[in-house]
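Notes to accompany the following structure.
In each ligand, atom 1 is the first atom listed, and ligand 1 is the first ligand listed. What's counted below: heavy atoms across the whole structure, side chains too, no hydrogens, waters or symmetry copies.
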Amino acid sequence: MKIISGSSSKTLGKKLAGKLSTSPTPLEIYIFPDGEKRVRIIDKVLDQKCVVLQSCCTPVDQNYMELFFIVDALRRSGAKSITAVIPYLGYQRQDHLFRTGEAVSLEVIIKTLEAMGMDKLICFDLHSIKIPELFHMPIIHLSALSLFAKTIKKNKWNNSQSLLISPDMGGLRRIKLLSQMLNDMFFGAIVKSRNLETGQVTADKIEGLENISLKQIKRAFIVDDMISSGGTIITATKLLRKLGIKEVYVFVTHSVFSKSAPKILQKSAVKKFFVTDTVYCPREKRFPKLQILTVADIIAEEIKK
Ligand code: R5P
């Protein structure tokens with residue numbers, strides 16, 4: 001089996017290859033003076049099972065194009081099968097028409113991925129559980145929830161003084177699953193709305209806490225698929241603190257940090273942020289309250305099946 005990692009997932013690719021007792025297949029990427037890329041697979045891949053790893057995060061367009069070129073190069077070189085692992089599927093948030101006149105970006109991405117003729121796709125914590133149904137090709141939807149449950153248990157936070165919170169109603173299923181992994185930990189979901197023109201997030205109510213006495217709750221875990229600007233997490237944290245919850249921790253799969261996010265997050269009342277390496281977090285975006293968990297084992301297990 002050959003593991004080929006694109007530019008956005010080199011670190012995760014090395015870890016994954018290590019877990020599979022191999023090393024990544026070298027890839028030559030030449031960038032022309034005008035920014036166009038030329039991709040070349042150096043090893044022989046004829047009749048080989050190939051796994052391409054490329055997170056389609058910022059710079060999202062470039063990462064998608066590079067993935068398409070790698071897949072094309074593998075196909076032309078006679079690869080037996082191609083599995084694309086896209087730990088973060090860029091453009092997934094625009095999965096329907098929010099306002100008339102918009103493009104449905106996710107549909108464009110799906111059509112293009114399908115046209116590339118890969119055999120299988122592996123993704124992580126997609127924005128909505130409906131996304132896999134929109135594909136007409138095999139897709140495996142993995143999750144980092146088991147890593148979060150493990151971390152909560154390791155810290156001995158798995159008790160009746162803890163509460164799981166989804167920062168919006170869309171994440172309800174995610175925290176229900178996590179609650180099941182943690183002996184039915186209490187959970188609630190914030191009723192959030194976002195101004196589509198300004199991006200401003202508002203949240204003033206939590207659903208699901210009707211039968212819980214908040215006096216017994218010492219800590220809350222906000223669980224979400226991604227952090228981009230940090231606005232959602234900050235708004236949720238403020239609401240939880242207003243309700244008297246002393247400690248707030250955040251568990252998020254994709255650290256799609258916009259430029260100002262790390263500063264905002266470090267300054268917030270959150271005690272610690274746990275994210276995964278589905279999106280590579282460069283040194284300049286890391287901050288003291290941040291801890292990165294790896295999804296390499298989860299991908300390796302799936303590939304070994
Ligand atoms: C939204 O529905 C997502 O699940 C995230 O909550 C959102 O994308 C986070 O974005 P930001 O950090 O910019 O608030």
**Request:** Return the residue, atom name and 0.1 Å-rounded distance of the protein heavy atom closest to atom 10 (O) of ligand 1.
**Result:** R194 NH2, 3.4 Å

**Request:** Taking the six-membered ring for Trp and the single ring otherwise, decide whether the centroids of F287 and F273 are under 6.0 Å apart.
**Result:** yes

**In one Ile/Leu/Val/Met/Phe/Trp/Tyr side-chain cluster, 4.5 Å: I299, L89** = no

**Message:** As a test of understanding, state which of L209, V248, I222, L243 forms a side-chain contact (heavy atoms from CB on, under 4.5 Å) with L163.
**Reply:** L209

**Prompt:** For ligand 1, which atoms have a heavy atom of M226 less than 4.0 angstrom away?
**Reply:** 5 (C), 8 (O), 9 (C)

**Request:** Run down the list T232, D168, D224 and name the one with the heavy atom closest to atom 5 (C) of ligand 1.
**Result:** D224

**Message:** Checking the side chain of H141 only, and the main-chain atoms of F124 only, is there a donor and an acceptor separated by less than 3.5 Å?
**Reply:** no

**Prompt:** Is the number of heavy atoms from other residues, nucleotides or ligands under 6.0 Å of Q200 CD greater than 12?
**Reply:** no

**Prompt:** Which residue owns the protein heavy atom closest to atom 13 (O) of ligand 1, what's the atom, and how far is it?
**Reply:** S229 OG, 2.6 Å

**Request:** Consider every N or O of G230 and every N or O of ligand 1, then say whether any pair is closer than 3.5 Å.
**Result:** yes

**Asked** ligand 1 versus K192, non-hydrogen atoms closer than 4.0 Å: side chain, backbone, both, neither?
**Response** side chain

What donor-acceptor contacts under 3.5 angstrom involve side-chain atoms of residues 101-112, with partners at least two apart or in another chain?
{"from": "E102", "atom 1": "OE1", "to": "Q94", "atom 2": "NE2", "distance (Å)": "2.9"}
{"from": "E102", "atom 1": "OE1", "to": "F98", "atom 2": "N", "distance (Å)": "3.1"}
{"from": "E102", "atom 1": "OE1", "to": "R99", "atom 2": "N", "distance (Å)": "3.1"}
{"from": "E102", "atom 1": "OE2", "to": "R99", "atom 2": "NE", "distance (Å)": "3.0"}
{"from": "E102", "atom 1": "OE2", "to": "R99", "atom 2": "NH2", "distance (Å)": "3.2"}
{"from": "E107", "atom 1": "OE2", "to": "K111", "atom 2": "NZ", "distance (Å)": "3.3"}
{"from": "T112", "atom 1": "OG1", "to": "V108", "atom 2": "O", "distance (Å)": "2.7"}

**Nearest protein heavy atom with distance in Å, relative to atom 1 (C) of ligand 1** = H127 CE1, 3.4 Å

Which donor-acceptor pairs under 3.5 Å do side chains of residues 14-24 form with protein atoms, sequence neighbours excluded?
{"from": "K15", "atom 1": "NZ", "to": "D277", "atom 2": "OD2", "distance (Å)": "3.3"}
{"from": "K19", "atom 1": "NZ", "to": "D297", "atom 2": "OD1", "distance (Å)": "3.3"}

**Fill in**
Numbered in order shown, the ligand 1 atoms found under 4.0 Å of a heavy atom of G231 are 12 (O), 14 (O)

**Heavy atom of the protein closest to atom 8 (O) of ligand 1 (residue, atom name, distance)** = R93 NH1, 3.4 Å

**Fill in**
If you scan protein heavy atoms around atom 4 (O) of ligand 1, the nearest is D225 OD1, 2.6 Å

